[in-house]
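Here's the structure, in structure tokens; my notes come after.
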Amino acid sequence: MSDPQAYIEQHKDKFLDELFELLRIPSISTDSTRKEDIRKAAGFLINQLKSLELSRVELFETPGNPIVFGEYCPYDDKPTVLVYGHYDVQPSDPDELWHTPPFEPTIKDGNIYARGASDDKGQSFTHIKAIESFVKSGQPIPVNVKFLLEGEEEIGSPNLVPFIETHKDMLECDMVLISDTSMFGKDQPSITYGLRGLAYMEVEVVGPNRDLHSGVYGGAVENPLNVLCEIVAKLKDDNGVIQIPGFYDKVVPLTMADREASAALPFDEDSYKESLDIDAVHGEKGYTTLERASSRPSLDVNGIWGGYQGEGAKTVLPSKAGAKISMRLVPDQNPKEIAELFKKHFESLAPDTVKVKVTEHHGGFASVTDLNFYGLKAGAKAFEEIYKTDVLFAREGGSIPVVADFKRVLGVESILMGFGITSDAIHSPNEKFSVQDFYRGIKTSARFFELLPDFSE
Ligand code: BES
Ligand code: MN
Ligand code: MN
């Protein structure tokens, strides 16, 4: 047999078995007790790459989780594609809300249910299998290819950016190929050409030196939890506009063309609301839901705590309160600057009856891919051949901060060719990935590699 597409068709069960093996490994990067599973997942991928007869396969240690690298670059006259993906996953909790065990992949109604099925083990595995379809069917791999698979994406890639900076030559390429985003809808392939950036903050508000009786002290001593809520309430106005001075200074406004392109996408607000069981959407005045969720900045409390949360009622005035607050950013906002502006503003809103502490977690820049880049055109053609329908180009609201770093350090564009869909429930209980899209993803990837040389000329 000499046709990669036929090889894919004939090895579907094997591909699924192998993906299941990877999905069974709880490689949760936020959980320090899972270090061994992280290594196991990295080792699994190393073995996968070794089976492809690449010219180099190497596990790189970092101060955190290892980086898996592989390459096959025999051609002087063909483009080099760097495939990026992440083998770490989010925690599975709350476990009781899963209908099947998160690390025992289960097929139901044509979907693979497991943590990481879509984000990002299932999606990134498609490219390994696509390369396998050339090697094992006796066809030359059509382009130069490199793999860069990390284990810290879900914790902000703290060691990947320094790695890219110190391995610039090794990672030299013409483009990055990433499958870690969503298609516009079921059976509606899309290429994501923009991602939001991120600035993630934690705040603490401290009042009296201990929890107090709310009858004895209430009304006379400041309640840090009240203060926290008051400050949070002031972070946005009634029109959903973020009130941090300077926050919008570097925001590149949406052009008429941006807005028309977004409005032309087949977005159905009613089914959007229905899928979330909400009666109304909410956001910055003057923008559509799609714009709000993809190309305008946002600010959200991710978690808030303090005081009594147990059964029944305890009359208590808490001594401390805290919250995790994230801001999604758009070009050209700088995450460090935004974190500074947030800190200054938050501190300025605090009354002198409390002390506040504002700290910064990870962050990253937004990115927008040049729509004229030839790699996107090859990606679109591959999608169209396999999905037999037109491809849409859309921006998405999630963040893959390393995309901006690839551009800054390596000077290349990224092609975000997602095979997941928004309802895959990534980061949520019952994450899933369509079996059919797993296979179509492998086929699309293989076609992309075949088509790419023609587009680069
Ligand atoms: N794959 C997601 C990002 C994503 C999801 C992009 C959906 C587009 C559509 C990625 O694994 C992720 O979860 N990123 C984090 C950021 C990171 C710095 C922790 C995010 O967006 O919250
Ligand atoms: Mn991901
Ligand atoms: Mn994720």
Side-chain angles (χ1 to χ4, degrees), residues 22-23 27-31 41 64-65 83-92 102 114-127 148-161 176-185 189-202 290 293-295 297-300 302-303 324-330 335-336 338-339 360-369 392-406 414-429 431-433 437 441:
L22 179 59
L23 291 172
S27 45
I28 305 166
S29 48
T30 37
D31 183 345
N65 299 339
V83 174
Y84 163 83
H86 63 94
Y87 65 82
D88 65 320
V89 298
Q90 285 279 326
S92 56
R115 172 57 84 230
S118 179
D119 185 12
D120 176 40
K121 288 171 172 173
Q123 290 209 57
S124 55
F125 201 53
T126 57
H127 304 299
L148 178 69
L149 308 169
E150 71 153 321
E152 299 188 322
E153 195 275 345
E154 299 291 6
I155 53 172
S157 306
N159 293 294
L160 184 66
V161 177
V176 181
L177 175 63
I178 306 178
S179 292
D180 193 23
T181 52
S182 304
M183 299 194 291
F184 200 76
S190 56
I191 289 181
T192 301
Y193 71 95
L195 291 167
R196 286 194 287 189
L198 183 69
Y200 200 115
M201 312 298 295
E202 181 157 343
L290 268 188
S294 67
S295 34
S298 62
L299 180 150
D300 281 285
N302 294 243
K324 300 205 190 252
I325 300 173
S326 71
M327 290 159 283
R328 294 285 168 171
L329 312 178
V330 299
K336 284 261 172 272
I338 292 295
E360 183 189 349
H361 289 288
H362 54 239
F365 281 87
S367 56
V368 172
T369 305
L392 303 176
F393 290 86
R395 288 169 68 165
E396 279 195 280
S399 306
I400 310 176
V402 72
V403 170
D405 297 300
F406 285 136
S414 292
I415 304 166
L416 302 166
M417 210 193 232
F419 304 120
I421 53 175
T422 309
S423 56
D424 278 348
I426 62 171
H427 296 207
S428 303
E431 175 176 352
K432 66 176 164 62
F433 184 37
D437 285 318

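Everything numeric in this text was worked out from a predicted model, so none of it was measured. All ligand and atom numbering here is 1-based and tracks the order in the structure.
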Sole residue of Glu431, Glu153, Glu154 in side-chain hydrogen bond (donor to acceptor under 3.5 Å, both in side chains) with Gln90: Glu154
Residue contacts for ligand 1, heavy atom to ligand atom, distance under 4.0 Å: His86, Asp119, Glu153, Glu154, Gly156, Asp180, Thr181, Leu195, Leu198, Arg328, His362, Glu396, Gly398, Ser399, Ile400, Pro401, Ile426, His427
Backbone of Gly151 reached by a side-chain donor or acceptor of Asn65 within 3.5 Å: yes
Partner residues of Glu150 under the side-chain hydrogen bond (donor to acceptor under 3.5 Å, both in side chains) criterion, sequence neighbours left out: Tyr84, Ser157
Test applied, side-chain hydrogen bond (donor to acceptor under 3.5 Å, both in side chains); reference residue, Ser27; option that passes from Arg115, His86, Lys121: Lys121
Backbone N/O of Met417 and side chain of Ser179: donor-acceptor pair under 3.5 Å: yes
Sequence-distant partners of Ser294, side-chain hydrogen bond (donor to acceptor under 3.5 Å, both in side chains), two or more places apart: none
Distance criterion under 2.8 Å: protein N/O/S atoms around the Mn ion (ligand 2): 4
Donor-acceptor pair, side chain of Arg395 and main chain of Leu290, under 3.5 angstrom: no
Under 3.5 Å donor-acceptor, Glu202 side chain and His361 backbone: no
Stepwise side chain to side chain contact (heavy atoms under 4.5 Å, CB included) test for His127 and Leu177: CA-CA 9 Å; His127 304 299; Leu177 175 63; 3.6 Å; yes
